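Numbering of ligands and ligand atoms starts at 1, following listing order. Because the structure is predicted, anything quoted here is derived from the model rather than measured.
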Amino acid sequence: MKAQVAIERDNGEIATFIGFRIQHDSARGPMKGGLRYHPEVDEDEVLALATLMTWKTAVVNIPYGGAKGGISVNTKDLSPGELERVTRKFIDEIHDMIGPDKDIPAPDMGTNAQVMAWIMNQYQKYHGFNPACVTGKPVELHGSEGREEATGRGVAILTKAMLERLKRDVSETTIALQGFGNVGSFASQFLHDMGANIVGVTDATGGVWNSEGLDIPALIQYSRDKGSVAGFAEGKALTNEELLCSKVDVLIPAALGGVLTDENAEHVQAKFIVEAANNPTTPQADEIFQKREIIVLPDILANAGGVTASYFEWVQNRQHFKWELARVRKELDQILQAGLEKVWKIAEDKKVSLRTAAYLLGIGRVGRATVMGGI
Ligand code: NAD
């Protein structure tokens, strides 16, 4: 669905934005997927991301199909009031197609717990109280402990587990990470806690490099205060292109899609790539990485921690029962480790890449559910 989102700006002018909600497949359950606010959002991108959600929920075996939404808007150009009006207006357009048993939005780039709270409230005006209609809500408003950190935590858990399977120790690796928003900042926090040496971080406005290892808690505080990692004193400036091709063990793209291309893939020096972002690698770059024997942990597994914790939030909302953080973390860990185990085994048995193995697992599960459900 394509929607015109018209709002009155604070100065009285009318502004119009284009929004999308695309539902890809519901064979395994209600459709699930984030809502992205970014100037580059378009219909093709939203469809590609909705499709990824179908395979991702199947890879980690949670009872959902796939969907995605987005609005083509730069949130930096909006006041908080304008952001709220854009969100509520979009829900006015799509409220009938979402819902706890139909399609459940969640945060993605440019959206956060506050936006999810507005969605819950606007949905409620049409359909009554039902917090399970959206996940990623504030903990104070029917959100789940551990949801905000979950995607980044999952990236860290899976990076460590993947390295262990290859007889490597996360505490002896160097890491470069692109994107320092929700996913990137939590991933770096947990990897730092595991002893990894994060030497490079970039975001939309610049980056920082320190071969001795960045002080991640200080960088998180700095980026919260300044709105960017650029200018952090304990390191030298770094561009996004330099980061992607830097000499590190592990590269973690955690921002936009399509950043690893046939133009830079030959120059990537990392031995492992963990796709925290959705679709960061173009098919051409993926082929180059395979030829160069660079191991890629694919997005549909690497960043599945977010949708898994969203599933826990939805379960808690439906049971009107709150889990403690320790339970969320334990169940998240189990589901992600089980996903990695299955994918790893398929990759070994069939001698294919982890991405092909993850697709075989996900598409196989969706296919069997479709056939068993019948028409
Ligand atoms: P966010 O909005 O919190 O942060 C995005 C980060 O990317 C920011 O640091 C921003 O500065 C940076 N960025 C934006 N444009 C950039 C550019 N051109 N070059 C370099 N950096 C740039 O978003 P997020 O929620 O952390 O999402 C990041 C990625 O992870 C996206 O691909 C998203 O689809 C994926 N993802 C997010 C979740 C989730 O739970 N939030 C779950 C699964 C996947």
Check your understanding: Which bit of A254 gets closer than 4.0 Å to ligand 1, counting heavy atoms only: side chain, backbone, both or neither?
Key -> backbone
Study note, to complete from the structure: Among non-hydrogen protein atoms, atom 10 (C) of ligand 1 lies closest to A204 N, 4.0 Å
Review point. Can you find an N or O of V183 that's nearer than 3.5 Å to an N or O of ligand 1?
Key: yes
Exercise for review: Would you mind listing which atoms of ligand 1 come within a distance below 4.0 Å of any non-hydrogen atom of A277?
Suggested key: 29 (C), 30 (O), 32 (O)
**Study point:** Which residue and heavy atom of the protein sit nearest atom 2 (O) of ligand 1, plus the separation
**Key:** G110 N, 3.0 Å
Point to revise | S228, portion touching ligand 1 at heavy-atom distance under 4.0 Å | key: neither
Practice item. Measure the distance from atom 19 (N) of ligand 1 to every protein heavy atom, then report the residue, atom name and distance (to 0.1 Å) of the closest one. Key: N240 ND2, 3.6 Å
**Study point:** Beyond-backbone contact of I119 with Q122, side-chain heavy atoms, under 4.5 angstrom
**Key:** no
Review point. At a 4.0 Å threshold, what atoms of ligand 1 neighbour a non-hydrogen atom of R147?
Key: 40 (O)
Check your understanding: Hey, is ligand 1 close enough to A255 that some N/O pair sits below 3.5 Å?
Key -> yes
Exercise for review: Provide, to 0.1 Å, the distance between atom 27 (O) of ligand 1 and the closest protein heavy atom, together with that atom's residue and name.
Suggested key: M109 CG, 3.4 Å
Review point. Hey, what's the ring geometry for H95 with Y126, parallel, tilted or perpendicular (30° and 60° as the breaks)?
Key: parallel
Check your understanding: Which residue holds the protein heavy atom closest to atom 4 (O) of ligand 1, what is that atom called, and what is the gap in Å?
Key -> G181 CA, 3.2 Å
Practice item. May I ask whether E149 places a heavy atom under 4.0 Å from ligand 1? Key: no
Check your understanding: Between T151, T75, D299, which one has a non-hydrogen atom sitting closest to atom 42 (C) of ligand 1?
Key -> T151
Practice item. Classify the side-chain pair K342/N61 by whether it contains a donor and acceptor separated by less than 3.5 Å. Key: no
Review point. Heavy atom under 4.0 Å from ligand 1: found in N278's side chain, backbone, both, or neither?
Key: both
Point to revise | E148, CD atom: more than 12 neighbouring heavy atoms under 6.0 Å | key: no
Check your understanding: Taking N or O atoms only and a 3.5 Å limit, does L256 qualify as a polar contact for ligand 1?
Key -> no
Check your understanding: Salt bridge or not for R88 and E84, using N-O below 4.0 Å?
Key -> yes
Check your understanding: Polar-atom distance check: F180 versus ligand 1, any N or O pair below 3.5 Å?
Key -> yes
Review point. Is E45 salt-bridged to R36, cutoff N-O under 4.0 Å?
Key: yes
Point to revise | Electrostatic pair K160-E164, nearest N-O below 4.0 angstrom | key: yes
Review point. In terms of atom number and element, which parts of ligand 1 are under 4.0 angstrom from non-hydrogen atoms of R36?
Key: 31 (C), 32 (O), 33 (C), 34 (O)
Check your understanding: Is the closest heavy atom of T202 to ligand 1 under 4.0 Å?
Key -> no
**Study point:** Any side-chain donor near an acceptor of the partner, N182 and N112, under 3.5 Å
**Key:** no
Check your understanding: Which ligand 1 atoms, with their elements, are less than 4.0 angstrom from a heavy-atom of D108?
Key -> 25 (O), 33 (C), 34 (O), 36 (N), 37 (C)
Point to revise | Parallel, tilted or perpendicular: rings of F186 and F190 (30°, 60°) | key: parallel
Exercise for review: Quick one: look up the protein heavy atom nearest atom 3 (O) of ligand 1 and list residue, atom name and how far away it is.
Suggested key: N182 N, 2.9 Å
Check your understanding: Do E275 and R355 sit within salt-bridge range, that is, some charged N less than 4.0 Å from a carboxylate O?
Key -> yes
Exercise for review: Please check if atom CD in Q284 has more than 12 non-hydrogen atoms from other residues, nucleotides or ligands closer than 6.0 Å.
Suggested key: yes
Check your understanding: Looking at D77 and R9, does any basic side-chain N land under 4.0 Å from a carboxylate oxygen?
Key -> no
